A.B. asks: 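Take this structure, written in structure tokens, and hold onto it; I'll ask about it next.
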Amino acid sequence: MKIKEMMKFAWDNYKQYALGKNELRPLTKNGHIGNMFGGLRGATVVDALDTLYIMELEEEFQEAKTWVEKSFDLNVNGEASLFEVNIRYIGGLLAAYYLTGEEVFKSKALELGEKLLPAFNTPTGIPRGVINLGSGMSWSWGWASAGSSILAEFGTLHLEFLHLTELSGNPVFAEKVLNIRKVLKRVEKPQGLYPNFLSPVTGNWVQHHVSIGGLGDSFYEYLIKSWLMSDKKDSEAKKMYDDALEAIEKHLVKKSAGGLTYIAEWRGGILDHKMGHLACFSGGMIALGAEHGGEERKQHYMDLAAEITNTCHESYARSDTKLGPEAFRFDAGTEAMATRLSERYYILRPEVVESYVYMWRLTHDVKYRQWGWEVVKALEKHCRVEAGFSGIRDVYTTVPTHDNMQQSFFLAETLKYLYLLFCEDDVLSLDDWVFNTEAHPLPVNHSNFKAKASVQ
């Protein structure tokens, strides 16, 4: 299968030129470490584990597992993004454990989870965004508004931390994320919307910028997924999701002159008619959450999901490479296209194909597979280079400049979602698995799950 071959190609080149570094630089054939993971190494290894396993790339999975056993060092000193370490490393290790039952993945996940806990030592319990994994010191991102924490960062810990408590028997992980939810329930929401920046000291919003793209995105995703992962028992998460989606639809969902539905960004009441690639996950999210209203609500949300997914497909279809830009606008005369050069790049992101997978599984409309195949062809044509896959700097030129980076999420998410789009529905069935925001599958907590396991 083509997509499996692409994964093997991405992995083999990473292994050959960059094993143990965080990402492969495919043009220069070397590795990149970066400063996001606080001295942790092997981001691509951990991100790729479950994809290799699901695709039955057994030899490659063993290579990755061996690296984790022999070379994955958690005793590091450096500033890490709490959010990135959680979604890529903790998520990747948890998924690998649940898929294989191999203890090494569980023990590494729990050990790393412990190292993240000092970030929560704030007056409100809202964690700071950056933590030194050696000293436990934490602070806020220098660029974030006035020492604030970011909604999508502290709001995207819930799924993983509940599993850390489940596997360790230590309630502290669940307590930390349930406290975050308590703070968010209590705080005043402007028009029912959740702004992107919150002070970990006062527990108040720092400014009123609302986005379903970066900075906000995965908070909403984790509300509906918390409910699904709880086997639909966490009704608080469901209510928060329903209320948030209603406010988003009321204030941010717009239709362009050309008939395209999009989600605008909100700055203190003024709309910015732009949608980021990251926001394109929302079609899939809305479809996933639609299952559970009454028939009329369900159809309404399935229609909305299909419209947003179609808009995101248009952002791909209207580019010369058939890959979508980092952000696209709906201004006078321009629809679903990037206007400024700084937004024209494509870094192998998964959100659009992620929505295709959910739409395919929930409607079986064959167009979603056709759209996915367009992405496969475009990646092969424009992003595949001699030693891996690279992002491109401008999707509107067919002689693209490559950015020399094979992102770890290309192996974790983009290739996994493309593969699942062409699999049968029972491969990682949506009834039994919930994907974290890095596409790492976590099991739904069916309450008879434990009982069943102990009977056998």
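The shown structure was predicted, so the numbers you read here are calculated from the model rather than taken from an experiment.
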A.B. asks: So, using side chain to side chain contact (heavy atoms under 4.5 Å, CB included) as the criterion, who are the partners of S256 when residues are at least two apart?
C.D. replies: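 Partners of S256 by the side chain to side chain contact (heavy atoms under 4.5 Å, CB included) criterion, ordered by chain and then number, come out as L260, Y262, F330, E335.
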A.B. asks: By side chain to side chain contact (heavy atoms under 4.5 Å, CB included), which residues pair with K2, not counting sequence neighbours?
C.D. replies: E5, M6, W373, V376, E380, R384
A.B. asks: Just wondering, more than 12 heavy atoms not from N35 lying within 6.0 Å of its CG?
C.D. replies: no
A.B. asks: Is there a donor-acceptor contact under 3.5 Å from the side chain of N404 to the main chain of L27?
C.D. replies: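 It does hold such a pair.
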A.B. asks: Using a 3.5 Å distance criterion without hydrogens, assess whether the side chain of S319 forms a donor-acceptor pair with backbone atoms of S315.
C.D. replies: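 Absent.
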A.B. asks: Does T261 use its side chain to pair, donor to acceptor, with the backbone of K255 at less than 3.5 Å?
C.D. replies: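 Absent.
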A.B. asks: Tell me, which pairs form a ring-ring contact (aromatic ring centres under 6.0 Å, His included) where one or both residues lie in residues 390-416, sequence neighbours left out?
C.D. replies: F389-F410
A.B. asks: Tell me the ring-ring contact (aromatic ring centres under 6.0 Å, His included) pairs involving residues 214-242, sequence neighbours left out?
C.D. replies: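 Only Y194-F219, W227-H292 qualify under ring-ring contact (aromatic ring centres under 6.0 Å, His included).
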A.B. asks: Has S81 got a side-chain atom pairing as donor or acceptor with E84's backbone, closer than 3.5 angstrom?
C.D. replies: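 Flag set: sc S81 to bb E84 pair under 3.5 Å.
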A.B. asks: Suppose the criterion is salt bridge (charged side-chain N to carboxylate O under 4.0 Å, His left out): which pairs have a residue in residues 275-285, not counting sequence neighbours?
C.D. replies: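 Applying salt bridge (charged side-chain N to carboxylate O under 4.0 Å, His left out) to every pair that reaches into residues 275-285, excluding sequence neighbours, yields nothing.
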A.B. asks: Does L421 offer a backbone N or O that forms a donor-acceptor pair with the side chain of R369 under 3.5 Å?
C.D. replies: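 Yes, because the side chain of R369 sits within donor-acceptor range (under 3.5 Å) of the backbone of L421.
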A.B. asks: Could you pull out all residues at least two apart from H32 that satisfy side chain to side chain contact (heavy atoms under 4.5 Å, CB included)?
C.D. replies: E23, R25, M405
